[in-house]
Trainee: 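Just dropping this structure here.
For ligands, and for the atoms within them, numbers begin at 1 and follow the listed sequence. Numbers here simply count residues along the sequence, with the first being 1.
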Amino acid sequence: MQTVILAAGQGTRMRPLTERRAKPMLPVADKPLAAHTAATAVDAGASRLIIVVGYESEAVREYFGEEYAGVPVEYAEQTEQRGTADAVRAAEPHLDDGPFAVLNGDALYDEPSLTRLYESAPAVGSYRVDDPTQYGVLYTDETGDDTRVTGVIEKPADPPSNLINTGAYVFPDDAQAWLEVGESERGELELTDVLERACEESTVTAVPFERWLDVGRPWELLEANEWKVGEVTRTLTGEVHDDADIRGDVVVEAGATVDAGVVIEGPALIRRGATVGPNAYIRGNTLVAEDAKVGHSVEIKNSVLMAGATVGHLSYVGDSVLGRDVNFGAGTTVANLRHDDEPVKTPVKGDLTSTGRRKFGVVCGDDVKTAIQTSLNAGVKLDCDATTTLGEVVLRDKSE
Ligand code: TTP
């Protein structure tokens, strides 16, 4: 099945992590987010990939090259990010005759569900949630058959079902001619209008997905890593000191070093070139990416340290994302819990938004540097290159 992967978006809700890279290139366990999408698609039956790129596209092209997971890869450039239908229209000249799949390059899917989607064309992946009001919700057949989709509605106050649209589709051949859609209420050219047309012209099946994650906001990058780091199996190929205590499913890649006195509780992934310790404590669901450093008396829990990030000494980092080459001064401490036990909130494009998480720490863009004894409040975001002074208490998002 020819498969279009959408990876041109600007990822504005993911700022500051997407200031210098496309969202699909954010690290999730051992590869970029979109590489999980692509690998799962190939396992499910994708025979060729057409990746739609736009924002920060060079790194995407460089990573995937001309072949990925044994199938050929082509690229379509979407010059202006006008919406998902416009993105597929950019890919249309690359499509052969026949049905085609479309997947979001910023979502994780489980392989058995995606295989069922590919086998059920035309079809849309659905996911059952308790409260669908903030999603695209599927109308299903009025006879009570919830496998036949008859339409879709965005963020309805009164949802017609609790099946939401995962943004994974297999469209019929004819849909290649339906990509010219009008602007939606929010001013975008939307693929859901093409889905509506497919529902009118053919029988579209809703394929229930067992697992699915849309990665749009910073805490969802933590959830993506909880999923994929959670799947690693114990492999200690790197240099692990005899006096280190490695518990459970931990991967220490070749070229990584774990020094004396370190305790690592799995699942955790320590990538090549990274150094941990002496005397550091890494707790579950943590990714320490390439060349990152976790030093003496540092505790890291449920966090992502991107490539080259350094937490040198005497610091605590919990439920946080540290961008590329971030450097935390000694004694930098992250708060990740409110005293009232309410979910931590953080601004997303200016609107204070609940993360839905009781524990959430901080998000640092690339090259942030904190001075010694910095205290960072739960939910705070620091833009790329931001710095703090000695003993600074950061209570709100910081841009410089
Ligand atoms: P969104 O998550 O709606 O958009 P985005 O990735 O730009 O993020 P944000 O809203 O935070 O700015 O997009 C869904 C998928 O479609 C995602 O994989 C990106 C892709 N996309 C395009 O390829 N082109 C586009 O014009 C748009 C809007 C999205």
Trainee: Charged N to carboxylate O below 4.0 Å: is that the case for Lys23 and Asp106?
Mentor: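 Yes, charged N to carboxylate O under 4.0 Å.
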Trainee: Collect the protein residues that have a non-hydrogen atom under 4.0 Å from ligand 1 and hand them over in chain and number order.
Mentor: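 Within the 4.0 Å shell of ligand 1, which is judged on heavy atoms, sit Leu6, Ala7, Ala8, Gly9, Gln10, Gly11, Thr12, Arg13, Lys23, Gln78, Gln81, Arg82, Gly83, Thr84, Ala87, Asn104, Gly105, Asp106, Glu188.
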Trainee: With a 4.5 Å cut-off on side-chain heavy-atom distances among I, L, V, M, F, W and Y, is there a chain of contacts connecting Tyr109 to Met1?
Mentor: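 Tyr109 and Met1: one cluster.
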Trainee: Is any NZ, NE, NH1 or NH2 atom of the basic residue among Lys228 and Glu231 found under 4.0 Å from an Asp or Glu carboxylate oxygen of the other?
Mentor: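 A salt bridge links Lys228 with Glu231.
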Trainee: Ion pair present between Arg217 and Glu220, side-chain N to carboxylate O less than 4.0 angstrom?
Mentor: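 Glu220 and Arg217: salt-bridged.
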Trainee: So, are Asp383 and Lys381 salt-bridged, with charged N and O less than 4.0 Å apart?
Mentor: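 Lys381 and Asp383: not salt-bridged.
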Trainee: Quick one: do Ser184 and Glu190 satisfy side-chain hydrogen bond (donor to acceptor under 3.5 Å, both in side chains)? Show the steps, please.
Mentor: CA-CA 7 Å; Ser184 66; Glu190 317 253 9; 2.7 Å; yes
